[in-house]
Asks: 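One structure is given below, represented as structure tokens, and several questions about it will come after.
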4 protein chains.
Amino acid sequence: MAALQKSIDKRNALIEATIELVNNDGFHATPMSKIAKMANVSPATIYLYFDNKQDLVNKTYIEVKSRYTAYAFETYRETMSVEEGFEVIWKRIADFKLKEVADAMFLAQCDNTPMIDEPSRREGIKHLQPLLDLWARGKAEGIIKPISDYLLYAYSINPLSFLMLVENRGAIKIGPQELEEAFQAAWSSIKINR
Amino acid sequence: MAALQKSIDKRNALIEATIELVNNDGFHATPMSKIAKMANVSPATIYLYFDNKQDLVNKTYIEVKSRYTAYAFETYRETMSVEEGFEVIWKRIADFKLKEVADAMFLAQCDNTPMIDEPSRREGIKHLQPLLDLWARGKAEGIIKPISDYLLYAYSINPLSFLMLVENRGAIKIGPQELEEAFQAAWSSIKINR
Amino acid sequence: MAALQKSIDKRNALIEATIELVNNDGFHATPMSKIAKMANVSPATIYLYFDNKQDLVNKTYIEVKSRYTAYAFETYRETMSVEEGFEVIWKRIADFKLKEVADAMFLAQCDNTPMIDEPSRREGIKHLQPLLDLWARGKAEGIIKPISDYLLYAYSINPLSFLMLVENRGAIKIGPQELEEAFQAAWSSIKINR
Amino acid sequence: MAALQKSIDKRNALIEATIELVNNDGFHATPMSKIAKMANVSPATIYLYFDNKQDLVNKTYIEVKSRYTAYAFETYRETMSVEEGFEVIWKRIADFKLKEVADAMFLAQCDNTPMIDEPSRREGIKHLQPLLDLWARGKAEGIIKPISDYLLYAYSINPLSFLMLVENRGAIKIGPQELEEAFQAAWSSIKINR
DNA sequence: TATGAATGAGCTTTCATTCAT
DNA sequence: TATGAATGAAAGCTCATTCAT
């Protein structure tokens, strides 16, 4: 039990170190030895938990992506109306991107870079299903535009990544008002106008 | 004259090789020797045109970014109405992102990664001014929402990068219809509803 | 214990390889890879023991210089008379320079070249103090000329470096007779004539 | 004539640049391109005057060595007595080493380093003959010790190189008094005591 | 004679990975 | 399970030298 916990702790420490270092320097500029040092283990120990560097970063990606989706859907219930459901999910996602900055930046880098392999990428999207279901419901009810889910995502969810990045580079501050404006922009872009 | 042209050709070949290889493998996974080989020069020759690898990628970024903005604004005239102007610019940008795929992917990687240094990043944004001016006009005329330019960009322009990426990974095909839908989503998100 | 010994052995092998190769080819003409090969380690292993090439040569210098002074003063006792003391030290130095040829040549190159950094140079001279003390005593007793220690060194000790070099280039042979002549010349140049 | 002069000027500029740069950085740390730049010529031009880098430094050595000996013997006449002759030559050499610092440092580096090839080294000593002749005369007259010329050189001439070096590193200042003391030490070491 | 552009070879150093313990 | 020492391979970069002009 204690031994198992220690193992889990080490694995976690490695994942966290990977996130922080890759965020600062990028994947290839981050040596395994540095990750090991930050996680307080020997470089050789990494290979007890992961096959190689690519595997480490793939697994880190999947882990972070699943934290992201878990957070996104935690308060959402399928009984909610489409409008309410979307707002609940959207605000959780915004929350995550603005508060869990390290995780969010890591995902942004993974998603725009050839650093993650395809299988892991696919694994990462899996858990987005509840949002797709909500959209399907919204389309059926004539509330959401009948367009590709990718378009819906591009216009309602993805802008949050961009906003998180520029806030992080110090260009803007996203307060409650900006958040509300952002939500209105997101909703405007995908809802059907009557 | 011929000598000067040959120099320009070599510099260009290096820039193009950098774009293609960084797109495929990422910045750090692309060795200078590979760039040299693809540009048909010796590794040492790169250093006649650029100070070092960082300088090469910075200059490539600035070059690509300026191609992008030049293309974006080529058919836009300040005499156009806000609606017309935005549509013209938006469609040129969409065109660029979907046709000049290599350039667009390169920019996406640069913008989401710590691979470009700050001065070059700032240099890169400079040429976006006409769009900001148009938005200012639109806000004054009560056509565009009075919100931060970053928000406007996040919702009306940036989604195109995401769409380009997923199209490139083979997930979707952006045809004329999807483009029109995307434009409507973009415009909906930033225009004021009456 | 055995591991520690192996570490020390490797470090020593690297130091000895550095001396030999720098003697033959000079500092900059000696690649790290050649040093590694001669010490029977991988090039990367050098960097476990030394920060970089400059550090390797600095540390080698300090090591050799301290062997030199240790040898020079080993049989000297402060209870000896000035004459006896000087003769004892001088002959030990001569011994060292003529027998430990590799070490002596290495020092000659370091001392006449910008290849060692200043801090290491200063560190290297530290241990010459007993000779300076002996000279101070000699001056106080009216046996040694009251002139700068640098002058005393230039005329009584430094010529041995020159003789070692020319013997090594095959121009002369320093036998017992030449050594005695050299000692007389050294002593003549610094003692006060009555 | 003017063309010839220009050629000679370029050759000289290259020699002088070599001396200065090798003094500062050492032979191998001095790139041909830097020498070319300092001499205000193209790198390719060096190869019109010298076969390669080794040849350049060899020829520079010979040139500097011959300046040195020319200076040393300029005021000496074979009609002078041994004592007077030695003093005249010694003081000229001291003058040279303390005033033509760049030349003297360059020679010190060449003489203690494997950077000059053997033929050039031999060529360099040739012109020392008048001093050897003087010593032969001194030995015949019972004024100079009947010992190897190398020993005489080691004790009477070579110390000046050491003194020049330490003065140059800022450790001492060689004024008229120190010079006289040095001369006395030199003379003491080689003259026969009666 | 003189050049600037070009380069192949080789340098120092780093790093993902392994291995003896 | 855990490690620190070790390394082969490869990276970025430099430089003596050449070549087209």
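Chain letters run A, B, ... following the sequence lines, proteins first, then strands; residues in each count from 1. As the structure is a computational prediction, the values presented were derived from the model and not from experiment.
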Asks: Atom NZ of A:Lys37 and atom P of F:dA5: how far apart are they, to the nearest Å?
Replies: 11 Å
Asks: When rounded to the nearest 0.5 angstrom, what is the spacing between CD in A:Glu20 and CE in A:Met38?
Replies: 4.0 Å
Asks: Roughly how many Å is it from CG in B:Leu48 to P in E:dT7, rounded to a whole number?
Replies: 8 Å
Asks: In whole angstrom, what separates B:Leu14's CG from E:dA5's P?
Replies: 15 Å
Asks: Assign D:Phe50 to base, sugar-phosphate, or nothing according to its heavy-atom contacts below 4.0 angstrom with the strands shown.
Replies: nothing
Asks: Does the ring of A:Phe27 carry A:Lys53 above it, NZ/CZ under 6.0 angstrom from centre and within 45° of its axis?
Replies: yes
Asks: Using Watson-Crick and G-U wobble pairs with both distances under 3.5 Å, what is the 5'-to-3' dot-bracket string of DNA chain E, with [ ] for crossing pairs and | for pairs outside the strand?
Replies: .||||||||||||||||||||
Asks: I need a per-nucleotide contact map over nucleotides 10-17 of chain E, read 5' to 3'. Cutoff is protein heavy atoms under 4.0 Å; write B for the base, S for backbone only, - otherwise.
Replies: -SSBBBSB
Asks: Check the distance between F:dA5's C1' and C:Tyr49's OH and give it to me in whole angstrom.
Replies: 7 Å
Asks: Kindly say if B:Lys10 contacts the phosphate of E:dA5, meaning a side-chain N or O under 4.0 Å from OP1 or OP2.
Replies: no
Asks: Of the non-hydrogen atoms in C:Glu63 and C:Asn12, which two are nearest, and what is the gap between them?
Replies: OE2-OD1, 4.5 Å
Asks: Test B:Arg122 against B:Asp117 for salt bridge (charged side-chain N to carboxylate O under 4.0 Å, His left out), laying out the working first.
Replies: CA-CA 9 Å; B:Arg122 266 192 291 278; B:Asp117 64 20; over 6 Å; no
Asks: Could you tell me how far apart D:Arg11 (CZ) and E:dA2 (P) are, to the nearest whole angstrom?
Replies: 14 Å
Asks: If you look at every heavy atom in B:Pro114 and B:Arg121, which pair is closest and at what distance?
Replies: CA-NH2, 4.2 Å
Asks: For A:Met105 and A:Leu165, which heavy atoms make the closest approach, and how far apart are they?
Replies: CE-CD2, 4.4 Å
Asks: Without decimals, in angstroms, what is the distance between A:Ile8 CD1 and F:dT1 C1'?
Replies: 15 Å
Asks: Supply the atom-to-atom distance A:Leu56 CG to A:Arg11 CZ, rounded to the nearest 0.5 angstrom.
Replies: 9.0 Å
Asks: Can you list every side chain to side chain donor-acceptor pair (under 3.5 Å) pair that touches residues 29-44 of chain C, not counting sequence neighbours?
Replies: C:Asp25-C:Lys34
Asks: Roughly, in whole Å, what's the span from NZ in C:Lys6 to C1' in E:dA20?
Replies: 8 Å
Asks: Taking only side-chain nitrogens and oxygens of B:Thr45, does any of them come within less than 4.0 Å of OP1 or OP2 of E:dA6?
Replies: no
Asks: Under 4.0 angstrom, heavy atoms only, what part of the nucleic acid is B:Lys34 near: base, sugar-phosphate, or nothing?
Replies: nothing
Asks: Could you walk me through whether B:Arg169 and A:Asp111 satisfy the salt bridge (charged side-chain N to carboxylate O under 4.0 Å, His left out) test, starting with their C-alpha distance in whole Å, then the side-chain angles of each, then the deciding distance to 0.1 Å, before giving a yes or no?
Replies: CA-CA 11 Å; B:Arg169 285 187 190 132; A:Asp111 287 335; 5.5 Å; no
Asks: Could you give the CG-to-C1' distance, from D:Asp9 to E:dT1, as a whole number of Å?
Replies: 14 Å
